2 protein chains.
Amino acid sequence: MDARALTALRTVGTQGGVTAAARVLHLTPSAVSQQVAGLERELGLELTERVGRGVRLTAAGEALAAAAVDVEVALERARAAAQGLRASPTGTVRVSAFASGAQLLLPGLLARTAALPGVRVECSDDDVAQDAFVGLTDLIDVVIAHRPDGSPGWGGGVVVRPLLREPLDVAVAPTHPLAGRRVVEASDLVDEDWVAVREGFPVARVLAEVGALVGALGGTAPRVRHRINDFHVAAALVGAGHGVSLLPRYTFGADPRVRLVPLAGVRAGRRVEALVRRDKAERVVVRRVLAELTALAAQIAGEDAGAVADDADQGVSTSLPRA
Amino acid sequence: MDARALTALRTVGTQGGVTAAARVLHLTPSAVSQQVAGLERELGLELTERVGRGVRLTAAGEALAAAAVDVEVALERARAAAQGLRASPTGTVRVSAFASGAQLLLPGLLARTAALPGVRVECSDDDVAQDAFVGLTDLIDVVIAHRPDGSPGWGGGVVVRPLLREPLDVAVAPTHPLAGRRVVEASDLVDEDWVAVREGFPVARVLAEVGALVGALGGTAPRVRHRINDFHVAAALVGAGHGVSLLPRYTFGADPRVRLVPLAGVRAGRRVEALVRRDKAERVVVRRVLAELTALAAQIAGEDAGAVADDADQGVSTSLPRA
DNA sequence: CTGACGATGTAGCGTCACTGCATGGACGCG
DNA sequence: CGCGTCCATGCAGTGACGCTACATCGTCAG
């Protein structure tokens with residue numbers, strides 16, 4: 001019963017297939033298949049079952065995969081126990097963020113962590129669909145993810161550290177009649193063209209809610225003219241007068257192309273959170289980087305609090321184990 | 001960071017040396033040495049230090065060894081999680097007991113477990129010094145150990161399951177003046193020759209206490225004539241009139257060679273307990289055998305309760321995790 | 001039916017851990 | 001003080017195990 005084989009099995013579960021798991025583990029599909037086969041032989045029971053041309057974990061497989069995380073946690077804790085006696089943490093941490101979150105947080109994070117000797121932070125940006133964020137934690141230590149305001153959460157096996165709640169404001173062109181307003185009511189937005197994100201991506205649901213509200217007032221569904229995932233492209237369209245949109249306040253508050261006006265009476269916002277797989281959360285370096293990240297986020301949220309009156313709801317704190 | 005290497009390190013700690021650990025792990029000393037060397041290279045710090053011609057774990061080594069148990073527990077729990085979905089536990093369990101405990105418990109245990117299909121129990125008897133019992137848990141799943149009545153305990157890393165408290169009675173020859181008595185006072189024993197066990201073995205301390213009491217009354221230290229570890233040899237000597245001794249009630253109550261008389265006013269007894277290493281305690285089969293063992297012990301203690309009035313103190317219950 | 005994808009066996013190969021042996025230091029004994 | 005013993009640890013050789021590459025089979029889409 002090798003920890004390596006358990007990891008392979010768990011990855012097959014999280015990635016949803018042998019080939020996908022092999023990609024993450026930097027192996028060939030054959031190797032992964034042999035690992036789980038060996039595990040099945042040792043235990044004398046089936047851990048995977050074929051479904052279509054792919055595979056799925058059986059009940060026993062799921063149970064074993066869940067337990068596998070505990071093994072990795074214990075291993076990581078062992079490393080930490082030995083190295084914890086050393087002075088300061090050392091190592092490299094992989095951080096990933098969705099595009100706008102990366103723009104908002106990564107420069108500051110790199111600036112802060114540059115001051116820590118022996119700590120290397122490697123960044124990447126991955127904009128994926130809502131349900132793909134957790135899968136990224138197999139490859140990346142700290143995944144900065146976002147989700148709309150009252151959405152269910154992320155599921156087990158992963159530690160969630162809330163970073164900030166970023167309000168979504170109505171973005172209009174500087175020449176737009178609403179551009180000078182301090183706040184805007186839903187009723188003001190009847191009969192506007194909208195620039196929205198693609199379905200399945202985090203902010204889509206918020207826009208749908210706002211749209212429903214506006215539609216209820218105006219008697220018609222919101223007119224979504226464009227589907228743009230990149231906020232910068234959306235900002236360019238809005239700035240050129242091709243419609244209005246919802247844009248995150250901290251990231252686009254100072255963008256000259258658009259004016260952001262808070263939306264009154266509607267809870268429009270997204271939660272930005274750091275996702276870390278439980279075993280990786282045991283690494284001392286990861287904890288250190290995570291601490292810097294939360295401090296940075298608190299700083300950003302604090303700067304905004306002085307400028308704009310905002311609901312103070314920062315979400316329930318999902319604390320780290322052994323905080 | 002291999003779980004196998006961690007086990008090697010931990011065993012070096014518990015067994016107190018590379019060679020001893022190698023014996024337990026069925027390896028050569030060279031292999032064990034290379035395992036810990038690899039661990040040290042990977043972590044970049046010293047885990048062992050030389051002391052005399054042997055080695056000892058450093059602080060970091062101790063920390064890592066302690067964490068290693070958690071890894072093994074997690075691994076074992078993973079096995080159990082997968083196999084727990086199967087109907088009944090299966091496998092072989094190694095049980096060891098000190099000589100008189102083996103005589104008292106092992107036949108009954110084998111009778112009970114014979115009824116369990118797929119469960120094999122392999123027995124052995126190991127009579128070792130007080131502080132060597134825990135070391136046995138590296139090689140044996142369930143170690144039946146004994147210790148005098150108020151002794152400190154066994155230390156960490158091992159699960160303790162109390163089985164029974166066996167009173168120690170004064171053993172005299174059938175022809176001895178005290179043979180017919182219902183109880184015997186300490187004052188009755190002044191000026192007797194004693195048959196004791198070797199120093200460092202479990203019952204030695206009890207005899208020392210009784211001896212001190214007797215000595216205080218008689219004004220002289222107890223005369224220890226013979227040092228006999230095997231209770232059967234001791235019984236033979238006592239039966240032949242070569243002195244008195246302290247013998248466990250359940251094991252020698254029906255022995256024709258001696259008469260056992262309870263000792264009034266002195267807490268003379270030994271605790272019989274099962275020692276299981278934490279990771280092995282996760283195995284379902286081991287739990288099953290342990291359940292049979294405790295039931296058997298309770299039955300034996302119950303039979304005695306009807307015959308002789310005894311203090312009901314059975315010791316604090318050190319419960320198993322996830323009982 | 002054909003092409004593509006995904007999982008899984010098989011052959012070949014490289015790597016790694018173990019054994020056997022030799023070395024060096026530490027303790028005990030004559 | 002030197003000798004033998006014991007213990008830990010290097011080093012060369014070997015065997016086993018896991019990985020890659022390739023081929024095969026089943027499944028789904030067009």
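Just so we're on the same page: letters track the sequence lines, and every chain starts at 1. Please read all numbers here as calculations on a predicted model, not as lab measurements.
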[X] has an atom [atom1]; how far is it from atom [atom2] of [N], in whole Å?
| X | N | atom1 | atom2 | value |
| --- | --- | --- | --- | --- |
| E49(B) | dC7(D) | CD | P | 19 Å |
| R56(B) | dC7(D) | CZ | C1' | 16 Å |
| E46(B) | dA8(D) | CD | P | 16 Å |
| R41(A) | dT8(C) | CZ | C1' | 14 Å |
| L6(B) | dA17(C) | CG | P | 13 Å |
| Q15(B) | dC6(D) | CD | P | 19 Å |
| L9(A) | dT8(C) | CG | C1' | 16 Å |
| L27(B) | dG20(C) | CG | P | 12 Å |

When L39(A) is tested against each of D2(A), T48(A), L45(A), L64(A) for side chain to side chain contact (heavy atoms under 4.5 Å, CB included), which residue passes?
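Of the listed residues D2(A), T48(A), L45(A), L64(A), the side chain to side chain contact (heavy atoms under 4.5 Å, CB included) partner of L39(A) is L64(A).
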Side chains of T14(B) and R277(B): donor-acceptor distance under 3.5 Å anywhere?
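No pair is found: no donor N or O on one side chain lies under 3.5 Å from an acceptor on the other.
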Any [X] side-chain N or O less than 4.0 Å from OP1/OP2 of [N]:
| X | N | answer |
| --- | --- | --- |
| Q34(A) | dT10(C) | no |
| T19(B) | dA8(D) | yes |
| T28(A) | dT20(D) | yes |

Return the CG to CH2 distance between L237(B) and W194(B), rounded to the nearest 0.5 Å.
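The distance works out to 14.5 Å.
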Using 0.5 Å steps for rounding, measure from the OG atom of S96(A) to the CG atom of L136(A).
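Reported value, rounded in 0.5 Å steps: 5.5 Å.
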Nucleotide nearest Q35(A) (side chain, heavy atoms from C-beta), chosen from dG18(D), dA8(D), dT8(C):
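Looking only at heavy atoms from C-beta outward on Q35(A), the closest nucleotide is dG18(D).
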Can you tell me if CD on E42(B) sees more than 12 non-hydrogen neighbours from other groups inside 6.0 Å?
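Counting other residues, nucleotides and ligands, CD of E42(B) exceeds 12 neighbours.
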Taking side-chain hydrogen bond (donor to acceptor under 3.5 Å, both in side chains) as the test, write out the residues that go with Q15(A), two or more places apart.
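For Q15(A), the residues satisfying side-chain hydrogen bond (donor to acceptor under 3.5 Å, both in side chains) (neighbours in sequence not counted) are D138(A).
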Closest-nucleotide 5' rank along DNA chain D - winner of G17(B) and D2(A)
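Of the two residues, G17(B) wins.
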Regarding dG9(C), can its base be found pairing with the side chain of S33(A) as donor and acceptor, where the two atoms are less than 3.5 Å apart?
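For S33(A), whose side chain was compared with the base of dG9(C), there is no donor-acceptor pair (under 3.5 Å).
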Determine the contact category for G38(A): base if any of its heavy atoms lies under 4.0 Å from a base atom, sugar-phosphate if only primed atoms, P, OP1 or OP2 are that close, otherwise nothing.
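Counting heavy atoms under 4.0 Å across all strands, no contact is made by G38(A).
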Are the side chains of R278(A) and D70(A) in touch, meaning some heavy atoms are under 4.5 Å apart?
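Side-chain contact under 4.5 Å: yes.
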B/S/- contact track for nucleotides 25-30 of chain D, protein heavy atom under 4.0 Å:
-BBS--
